[in-house]
Amino acid sequence: MSRVIGLKCRECGAEYPAIIQNTCYECFGPLEVNYDWDYISDNISKEKIAAGPKSIWRYADLLPVESERRIDLGAGFNTLHHADRLGAALGLKELYILDESVNPTNSFKDRVTSVALSKALEFDVKAVGCASTGNLAAAVGAHAAKAGLPAYIFIPGTIELGKIVQMLVYGPHVIAVEGTYDDANRLASEVADSHPDWAFVNINIRPYYTEGSKTLAYETAEQLGWQTPDHIVAPLASGALLCAISRGYKDLERVGLVDGADVKLSGSQPLNCSPIATAVQNNSEVVPVRNFETVAHSLAIGNPADGYYAKKTILDSGGYAATPTDAEIIEAIHLLARTEGIFTEPAGGTTVAGLKKLVESGHIQPDERVVVYVTGNGLKAQDTLLKSLQRPPVIKPMLGEFEQLVAPKFDIHKQQEIAPLART
Ligand SMILES: *Cc1c(COP(=O)(O)O)cnc(C)c1O
Ligand SMILES: [Zn+2]
């Protein structure tokens with residue numbers, strides 16, 4: 001007996017064994033993992049989960065990896081913060097943040113990569129790889145190092161220096177491709193096609209890979225005492241993350257771990273590159289965009305692989321999508337840091353800025369229980385933040401200089417202007 005029957009086409013329902021394959025031979029629809037839900041329901045329990053590892057692998061019964069040989073750097077089991085100060089600032093009564101910046105390589109991509117690389121070992125592949133907007137590269141680099149496998153990573157050359165430094169440290173083959181992520185992804189897909197014994201986590205083993213993000217929903221529900229939120233907000237790039245969170249909540253209902261999974265799902269995408277969010281707002285087709293530029297590099301995908309399904313998932317759930325500007329994204333990074341002590345990269349700024357806009361527009365109600373997924377760490381995008389911060393003032397190591405600095409701007413004793421402490 002096993003929990004995975006194989007793969008199944010999301011469009012025509014054609015079934016396949018569990019192989020390295022991401023599209024249907026019959027209709028070119030995307031394949032997804034086909035589980036034996038009766039088997040899973042019989043084997044899963046809250047007690048078993050509670051006694052499991054303090055990582056995504058506590059939910060192994062809901063993941064497509066069956067061997068015990070896991071590539072586990074400890075992704076997941078992150079704190080769901082009660083964000084009361086940010087909630088108050090935005091006018092929300094019950095706001096939570098799942099902080100993904102504390103994963104092993106500082107983004108939620110460790111979840112999907114841990115699942116994908118563990119599955120790749122089952123397939124006995126010779127190498128692994130990915131196309132990345134930055135964070136997946138570090139996650140694949142780190143997990144490939146742990147697995148002892150060579151990795152081939154295709155990135156657009158324009159991403160943040162911090163992300164490039166981090167991915168290089170793990171020693172993978174990093175190839176910067178001229179153009180955008182979409183160009184890097186097209187090349188990586190051709191490479192995957194010509195090397196059938198290589199596993200490209202977000203290409204030819206994508207059906208298994210995306211399952212890792214379901215654990216964001218599991219973790220949220222577990223920390224809410226096996227309840228679901230009313231509304232979640234997630235960033236959108238390819239759309240895979242949001243679709244997986246949706247499946248995660250539905251799984252919990254299906255196996256009886258929660259009573260209902262009536263969760264509204266809303267997304268946020270930077271205005272300058274927003275094919276999915278724009279389609280949600282206009283209830284139109286997802287039209288790929290080209291020649292975009294945004295500070296939110298990890299969300300800069302012009303031709304989103306799961307765009308159609310992400311838009312449908314959002315609208316079917318009763319959610320909506322926001323499109324903050326780059327300036328609003330940077331402002332939201334500061335707001336989150338200054339209210340909750342969480343430093344996120346522009347993807348997280350996009351999500352928080354989106355949350356703010358959705359509250360302002362009435363798409364999120366003040367009394368809803370809202371969970372926001374903050375997916376990446378601000379230390380990776382320091383170059384982006386520099387422009388919005390002032391250097392600290394330099395003084396001599398003398399008490400008088402300090403007192404002068406923090407004194408009221410107009411000091412009647414001195415009758416002169418004193419520079420204020422640098423603030424932004
Ligand atoms: C990749 C990424 C996303 C978006 O994920 P998709 O599944 O492509 O929609 C969001 N936030 C961060 C930090 C990412 O690295
Ligand atoms: Zn099909």
Side-chain angles (χ1 to χ4, degrees), residues 8-13 22-24 27-32 108 112 131 133 180-182 185 202-203 206-207 209-211 213-214 216-217 229-251 261-290 292 294 296 298-325 329 347 350-359 361-364 368 370-373 375:
K8 192 174 182 175
C9 175
R10 202 183 290 168
E11 286 301 320
C12 76
N22 65 342
T23 43
C24 177
C27 76
F28 299 105
L31 300 183
E32 50 189 21
F108 89 94
V112 276
T133 55
T180 64
Y181 168 83
D182 302 290
N185 185 45
N202 56 343
I203 302 172
R206 190 175 179 89
Y209 155 90
T210 57
E211 291 292 281
S213 290
K214 295 191 310 183
L216 287 162
D230 299 317
H231 209 135
I232 69 98
V233 185
L236 298 163
S238 73
L241 166 68
L242 184 134
C243 293
I245 292 172
S246 168
R247 289 202 304 283
Y249 285 116
K250 291 198 174 117
D251 287 356
D262 202 7
V263 183
K264 289 193 170 106
L265 299 115
S266 287
S268 186
Q269 205 163 31
L271 179 65
N272 292 354
C273 181
S274 52
I276 304 173
T278 302
V280 170
Q281 290 171 354
N282 302 335
N283 196 3
S284 58
E285 299 283 296
V286 176
V287 183
V289 299
R290 288 167 166 280
F292 44 80
T294 169
S298 48
L299 303 181
I301 296 182
N303 190 5
D306 291 292
Y308 168 80
Y309 296 102
K311 178 205 138 191
K312 188 170 179 331
T313 301
I314 290 170
L315 290 177
D316 288 352
S317 78
Y320 200 64
T323 49
T325 64
I329 291 168
T350 304
T351 314
V352 173
L355 168 73
K356 183 165 184 275
K357 293 180 98 72
L358 292 166
V359 173
S361 64
H363 289 96
I364 294 178
E368 282 184 296
V370 182
V371 172
V372 170
Y373 293 100
T375 48

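Only a predicted model underlies this, so the values are computations on that prediction, with no experimental measurement involved.
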>> Show, in sequence, the C-alpha distance, side-chain angles and deciding distance for R290 and T180, and conclude whether the side-chain contact (heavy atoms from CB on, under 4.5 Å) test is met.
In response: CA-CA 9 Å; R290 288 167 166 280; T180 64; over 6 Å; no

>> Tell me which pairs pass salt bridge (charged side-chain N to carboxylate O under 4.0 Å, His left out) where either residue lies in residues 230-242, with sequence neighbours left out.
In response: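 Found none.
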
> Taking only residues at least two apart or on different chains, which pairs with a member in residues 266-282 satisfy salt bridge (charged side-chain N to carboxylate O under 4.0 Å, His left out)?
Replying inline: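 Output for this query is empty, none listed.
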
Is there side-chain contact between [X] and [Y], with at least one heavy-atom pair below 4.5 Å?
| X | Y | result |
| --- | --- | --- |
| T350 | P235 | no |
| Y209 | I203 | no |
| S274 | F292 | no |
| P30 | P207 | no |
| V372 | I232 | no |
| L236 | I314 | yes |
| P270 | P324 | no |

With sequence neighbours left out, write down each residue that passes side chain to side chain donor-acceptor pair (under 3.5 Å) with [X], or none if nothing qualifies.
| X | answer |
| --- | --- |
| T133 | none |
| K311 | none |
| K357 | E328 |
| S266 | H231 |

> What is the minimum heavy-atom distance between C27 and C24, and which atoms define it?
Replying inline: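 Shortest heavy-atom separation between C27 and C24 comes out as N-SG, 3.5 Å.
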
> Considering all heavy atoms of both residues, which atom of G354 and which atom of S268 are nearest to each other, and what is their separation?
Replying inline: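 Shortest heavy-atom contact: CA-OG, 3.4 Å.
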
Does any N or O in the side chain of [X] come within less than 3.5 Å of the main-chain N or O of [Y], such that one atom is a donor and the other an acceptor?
| X | Y | value |
| --- | --- | --- |
| N303 | D182 | no |
| N272 | T294 | no |
| N185 | A131 | no |
| S238 | P304 | no |
| Q269 | I276 | yes |

Apply salt bridge (Lys or Arg N to Asp or Glu O under 4.0 Å) to [X] and list each qualifying residue two or more places apart in sequence or on a separate chain.
| X | value |
| --- | --- |
| K214 | E211, D251 |
| D306 | R10, R206 |
| K8 | none |

Please round to the nearest 0.5 Å and tell me the distance separating atom [atom1] of [X] and atom [atom2] of [Y].
| X | Y | atom1 | atom2 | answer |
| --- | --- | --- | --- | --- |
| K250 | I245 | NZ | CD1 | 12.5 Å |
| I301 | C273 | CD1 | SG | 8.0 Å |
| N22 | L31 | CG | CG | 7.0 Å |

> Taking only residues two or more places apart in sequence or in another chain, which ones pass ring-ring contact (aromatic ring centres under 6.0 Å, His included) with Y181?
Replying inline: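 By the ring-ring contact (aromatic ring centres under 6.0 Å, His included) rule, Y181 matches no residue at all.
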
N/O donor to acceptor pairs below 3.5 angstrom from side-chain atoms of residues 279-289, sequence neighbours left out:
{"residue": "Q281", "atom": "NE2", "partner": "A321", "partner atom": "O", "Å": "3.0"}
{"residue": "Q281", "atom": "NE2", "partner": "T323", "partner atom": "OG1", "Å": "3.3"}
{"residue": "N282", "atom": "ND2", "partner": "T278", "partner atom": "O", "Å": "3.4"}

>> Applying side-chain contact (heavy atoms from CB on, under 4.5 Å) to S317 and S246, what does each step give before you reach the verdict?
In response: CA-CA 9 Å; S317 78; S246 168; over 6 Å; no

>> Which residue is it: L216, T351, V233? I am looking for the one with a side chain to side chain contact (heavy atoms under 4.5 Å, CB included) to Y373.
In response: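 Of all the options given, the one that passes is L216.
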
